[in-house]
Amino acid sequence: MIEVLKSADDLARQNCDVLVPTMGALHAGHESLIKLAKTKGDQVIVSIFVNPLQFENKEDLLNYPKTIDLDLKIAAVAGASAVFLPEESLIYPTGYKTIEAGGVGEIYEGKSRPGHFSGVLTVVNRLFDLVKPKYAIFGEKDFQQLFLIKQMVRKLSLPVEILNAPTIRDANGVALSSRNSKLDNDGIKVASVIYRTLLLGNLGKAKQVIKSEPRFKLDYLEMIDANTFDLAKEDTENKRLIIAGWINQVRLIDNMAMGSK
Ligand code: PAF
């Protein structure tokens with residue numbers, strides 16, 4: 001069985017090369033993060049903590065899938081050295097530091113989920129502080145999260161290097177997410193419209209196609225500058241198409257690089 005770390009003392013005995021922060025309900029996307037982590041160092045720690053601060057909706061927090069026994073097996077098989085399973089009191093002791101996400105934290109995901117990114121940055125900063133990894137890996141599926149974490153690391157000069165991991169998709173092109181387990185087969189088929197839309201690589205056409213699937217309730221679909229999160233201009237070098245919406249109240253997000261000029 002994989003080693004489970006619970007306390008600051010447990011962590012003090014580790015020398016973490018790569019941290020893979022998760023909220024559990026591990027799937028093939030997380031497995032790929034762990035495998036990528038192994039190429040960067042031997043000591044790979046997967047953290048599992050369902051962070052209450054990043055849920056603006058209490059019901060969403062209560063309904064978040066929890067599969068801890070399976071998570072431990074998946075982490076072990078993928079090659080993790082240990083799983084960090086902290087209590088809330090270790091992550092958030094009295095007087096813990098809250099990190100504000102700033103302007104980019106308030107648009108797109110941040111607009112629909114007020115306070116979400118401040119919660120994400122606060123927990124990630126605490127995890128870095130406790131685990132002290134050399135590297136930490138985050139998936140590109142949550143592109144705005146990845147952007148804001150890199151921005152935080154730069155602004156606070158944190159001694160950790162952030163690595164991107166590519167989005168893993170199922171056979172229908174649906175980006176893997178712990179939330180997909182809330183969709184039935186029909187919902188998953190509907191979700192494949194997201195990938196088809198992104199593949200068009202053109203905002204106008206993408207808007208038309210997404211409108212043709214009324215079961216997908218669009219929140220936003222935009223072409224952004226991946227370096228700034230401003231709307232892309234004609235001559236923007238790194239464009240990214242980003243999308244979010246709901247199928248039967250399950251929120252899904254995705255994005256795709258449109259290549260450099
Ligand atoms: O992407 C996630 O699973 C979470 O937002 C993270 C980074 C583990 C912070 O709770």
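For the single chain, residues carry numbers from 1 onward in sequence order. Note that ligands are numbered from 1 as they come in the structure, with each ligand's atoms numbered from 1 the same way.
Under the 30°/60° scheme for interplanar angles, the aromatic rings of Phe138 and Phe128 are found to stand perpendicular.
When every heavy atom of Phe117 is checked against every heavy atom of Gly110, the shortest pair comes out as CE1-N, 3.5 Å.
Glu222 is linked by a side chain to side chain donor-acceptor pair (under 3.5 Å) to nothing, counting only residues two or more places apart in sequence or in another chain. For Asp17, the salt bridge (Lys or Arg N to Asp or Glu O under 4.0 Å) test picks out Lys134, with sequence neighbours left out.
Neither side chain, Asn15 nor Lys132, offers a donor N or O lying under 3.5 Å from an acceptor on the other.
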Could you pull out the N/O contacts under 3.5 angstrom between ligand 1 and the surrounding protein atoms?
{"from": "ligand 1", "atom 1": "1 (O)", "to": "Gln145", "atom 2": "NE2", "distance (Å)": "2.9"}
{"from": "ligand 1", "atom 1": "5 (O)", "to": "Gln54", "atom 2": "NE2", "distance (Å)": "2.9"}
{"from": "ligand 1", "atom 1": "5 (O)", "to": "Gln145", "atom 2": "OE1", "distance (Å)": "2.7"}
{"from": "ligand 1", "atom 1": "10 (O)", "to": "Gln54", "atom 2": "OE1", "distance (Å)": "2.6"}

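Through direct or indirect side-chain contacts shorter than 4.5 Å among Ile, Leu, Val, Met, Phe, Trp and Tyr, Val50 is connected to Met23, Phe55, Leu61, Tyr64.
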